Each structure stands twice: as structure tokens, then as C-alpha cells.
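When reading the values below, keep in mind they use all heavy atoms of this one structure, side chains included, and skip hydrogens, waters and symmetry mates. This is a predicted model, so every value here is computed, not measured.
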Amino acid sequence: MEKLEVSLGGALDALESKNLRRNLRVIHEISGTRINVEGRDLTNFSSNDYLGLAGHPLIAEAMSEAAARWGVGSTASRLICGTTSEHSALEDEIAAAKGTEAALLFSTGFAAALGTIPSLVGKGDIVILDKLAHACLIDGARTSGAALRVFPHNNLDRLESHLRWARDKHPSRRVMIVTESIFSMDGDQAPLREIVELKDRYGAILFLDEAHAVGVRGCGAGGLAGELGLSKQIEIQMGTLGKALGVSGGYVAGPRILTDFLINRARSFVFSTAPSPAVAAACRAALRIVQSPEGDALRTRLRENILLLAAALKLPPPLPAQ
């Protein structure tokens, strides 16, 4: 034990010396955009609650009613006895919102990526990844054992070069492009039309992370894929039920055969306790709101706030849709 503590202590000291050590901040109160952190009242610019739905009374009411009906825990994995009608209805509603045949609910977006990518590609296959892709996508690609090729952020020429190499050197192998639609750190968007065209030209499949687009871009919960009318041309769409929807959880949407396959092969789905039915009910309420006139008004307000902040910071306005 002492040897481990010395080793870990040294590693933490090294992080501290580089100003890289992370610590948890405890929040004692939340009121909209105001939070109390360790006795200090602050305005919160760090949240990913883009539309302010995390404290929405209708979502809280839906969760409370479902908890009273189902209890607070799901009691098992989805394949044992953890699938309730709330989970099933939520998956149907996500699929309808994303314009796909089916959707599959995961406990988190990270679990969705970590379960899905290794289920679909493996040793001998190729994953081509945008350099700025989220950590969950990187970890999913690495875990798969597939050959990994990274292209500079949104660089279509380099992406095509990797696709050409993959098809020339590994003509019979599965090739998967992995990217985000709206990137989590820079906030810019992928050239999605062009990526879909390249994917089709070279016979690859596309894994698109819509976590930062759903509920924000386009109408309702369609994300950038829905906004551009590309949903039916993308094999795998991943998203979150946090962020703009204000709750928690993740999902994968696509053809029915994809979700049926993941039910059998995605280890983060098979071997995890199902999300609480109360959380699923809250997510359903959030989906209804983002697809309603209220959701449209919240998106309009968000865009106005973005432009206001960009002007105040003397930054260029965000790029318009493709």
C-alpha cells in the first residue's frame, strides 16, 4: 500500500508542478445560470446545459412521477429485466427525432462510443478519425484494435488520402470514418456533406457524434445531420441526452439491424445496469420540449446570446450552416 501511495503521490506532484492537476469543485446551489461554489456566488459560463432544460419544471415533474411509479433504479441490465416501457418509448422517440429506423439507449455517451465502435470494427479494419474528435471516440477506436489513421481537423484532402490508402491496401476490410458534427471544444462544424460524399465514394461507413448538435442545430432534435437532410445517408449517429436535453445518458441511432447487433455485441450495453426509468421519462419530456415551439424559442435565444457574447469579446460570429 505504501509503495502505491508513494508512486501515485509522485505522479500527482508532477501534475501539480505543471499546473495540470485536476480537482473537484463542489456546487452547493444552482439557480439558472447562477451557482454557489464553495461559498462564492458566480455566473456559470462552464455548463453544457445549452437550452437551460436541466431545471425545467416539466422535466422534473416527469422524472418525479416515473420514480413514484417505477422506483429510482432499473434493477438490472437491459437484457435481464432492466428494460421498461419508458426505455422502449424513449428509443422510439429518439429514432423518430433523428430520422432513423431505431435507436439504442446507453448509460452515457462515452459508453455508447466505447461499446459501438469496437463492436463494428476490429483487427484488420481501419478507423479514420478527425484529430479533434472527443476522447470517447478516440478510446473507442483504440479499444477496437483496428488500424487507426488520423486526419488534420476537417481536412478533406487528407481524409480522402487515407480513404484511398485504405481501399488500395485493404480492399476487403471495413473502413469507418469517425467525426463529430459540432466539435466540443472549438464549436465549429464538420463539412458533413463532403464527408458523406467521400464515405460513399470509397465504400466506408460514417460514425457521427452529434452530442453538441442535437437540440441546438436544425429543428427539434435532428442535429446537424437533420438540418442538412443527411440522416438517412449516415450509418451511425451517436448522441447524448445531457447537454441541450438537460438530463443524462447516450444513444446510438441508425438502421434496426445496427441496434439489434449492438444489443448482442456492445459490451458497455450488455454488461451495464440500465439507466433509471425515471431518467428515461425525463429524457422523453426533454425531447418533447426541444421539438416544440418552446424549443424553437430557446434555440433562438441561444443564438442571440452567442452573437451577443461574440460581439462583446470582439470575436467573429459563428459560421452559418452549410
Give a yes or no on this: more than 12 heavy atoms of other residues, nucleotides or ligands lie within 6.0 Å of atom [atom1] of [X].
X    : atom1 : value
R303 : CZ    : yes
R265 : CZ    : no
R34  : CZ    : yes

| request: Determine whether L156 and V196 fall in the same hydrophobic cluster, where Ile, Leu, Val, Met, Phe, Trp and Tyr are linked whenever their side-chain heavy atoms lie under 4.5 Å apart. | output: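 They do share one cluster, since a chain of ILVMFWY contacts under 4.5 Å joins L156 to V196.
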| In one Ile/Leu/Val/Met/Phe/Trp/Tyr side-chain cluster, 4.5 Å: F207, I263 |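 Yes, F207 connects to I263 through the hydrophobic network.
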Looking at [atom1] of [X] and [atom2] of [Y], how far apart are the two atoms once the value is rounded to the nearest 0.5 Å?
X    : Y    : atom1 : atom2 : answer
T84  : H87  : OG1   : NE2   : 4.5 Å
I234 : T100 : CD1   : OG1   : 11.0 Å
L132 : L137 : CG    : CG    : 11.5 Å
R174 : S144 : CZ    : OG    : 11.5 Å
L308 : L313 : CG    : CG    : 9.5 Å
D125 : I117 : CG    : CD1   : 12.5 Å

Do you know the tightest heavy-atom contact between [X] and [Y]?
X    : Y    : result
R193 : L228 : NH1-O, 3.4 Å
T240 : A211 : CG2-O, 3.4 Å
L120 : I236 : CD1-CD1, 3.7 Å
V216 : A244 : CG2-CB, 3.8 Å
L148 : R142 : CD2-CG, 4.3 Å
R217 : I182 : NH1-CD1, 3.6 Å

| message | Taking salt bridge (Lys or Arg N to Asp or Glu O under 4.0 Å) as the definition, give me every residue that meets it alongside R69, ordered by chain and number, with sequence neighbours left out. | response |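 Partners of R69 by the salt bridge (Lys or Arg N to Asp or Glu O under 4.0 Å) criterion come out as none, since no residue qualifies.
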| Who pairs with R299 by salt bridge (Lys or Arg N to Asp or Glu O under 4.0 Å), at least two apart in sequence or on another chain? |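 With neighbours one apart ignored, the set is D296.
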| request: Using side-chain contact (heavy atoms from CB on, under 4.5 Å) as the criterion, list what pairs up with A204, not counting sequence neighbours. | output: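 Per chain and number, A204 pairs via side-chain contact (heavy atoms from CB on, under 4.5 Å) with L163, V175, I177, K199.
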| field | Sequence-distant partners of T143, side-chain contact (heavy atoms from CB on, under 4.5 Å), two or more places apart | value |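 Only L114, P118 meet the side-chain contact (heavy atoms from CB on, under 4.5 Å) criterion with T143.
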| Test applied, side-chain hydrogen bond (donor to acceptor under 3.5 Å, both in side chains); reference residue, Y202; option that passes from H162, E160, E197, R167 |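 The passing option is E160.
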Are the side chains of [Y] and [X] in contact, using a 4.5 Å heavy-atom criterion?
X    : Y    : answer
S74  : P277 : yes
L51  : L302 : yes
Y251 : L90  : no
L224 : L208 : no
N44  : D49  : no

By side-chain hydrogen bond (donor to acceptor under 3.5 Å, both in side chains) - contacts of [X] (at least two apart):
X    : answer
H153 : D130, D188
T83  : R78
K98  : E210, Q237
R256 : none

| message | Using the rule given for side chain to side chain contact (heavy atoms under 4.5 Å, CB included), can you reason through T259 versus V252, listing the C-alpha separation, both sets of side-chain angles and the distance that settles it, and then say yes or no? | response | CA-CA 8 Å; T259 58; V252 169; 5.5 Å; no
Please check this pair: side chain of [X] against backbone of [Y], looking for a donor-acceptor N/O pair closer than 3.5 Å.
X    : Y    : result
E101 : P255 : no
S64  : E61  : no
E91  : L104 : no

For a quick test of your reading: what N or O donor-acceptor pairs under 3.5 Å do the side chains of residues 278-288 make, sequence neighbours left out?
from, atom 1, to, atom 2, distance (Å)
R284, NE, E93, OE1, 3.2
R284, NE, E93, OE2, 3.1
R284, NH1, E86, OE1, 3.0
R284, NH2, E93, OE2, 2.8

Per-pair distances, 0.1 Å, donor-acceptor, side chain in residues 3-23, under 3.5 Å, sequence neighbours excluded:
from, atom 1, to, atom 2, distance (Å)
S17, OG, A14, O, 2.7

| request: With side chain to side chain contact (heavy atoms under 4.5 Å, CB included) as the test, would you mind laying out the steps for I59 and L245 before giving the verdict? | output: CA-CA 10 Å; I59 298 175; L245 271 69; over 6 Å; no
| Qualifying ring-ring contact (aromatic ring centres under 6.0 Å, His included) pairs, either residue in residues 41-80, two or more places apart |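 Listed by first then second residue: nothing to list.
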| request: Would you list the pairs meeting ring-ring contact (aromatic ring centres under 6.0 Å, His included) in which at least one residue belongs to residues 92-145, sequence neighbours left out? | output: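 Qualifying pairs, neighbours excluded: F106-F269.
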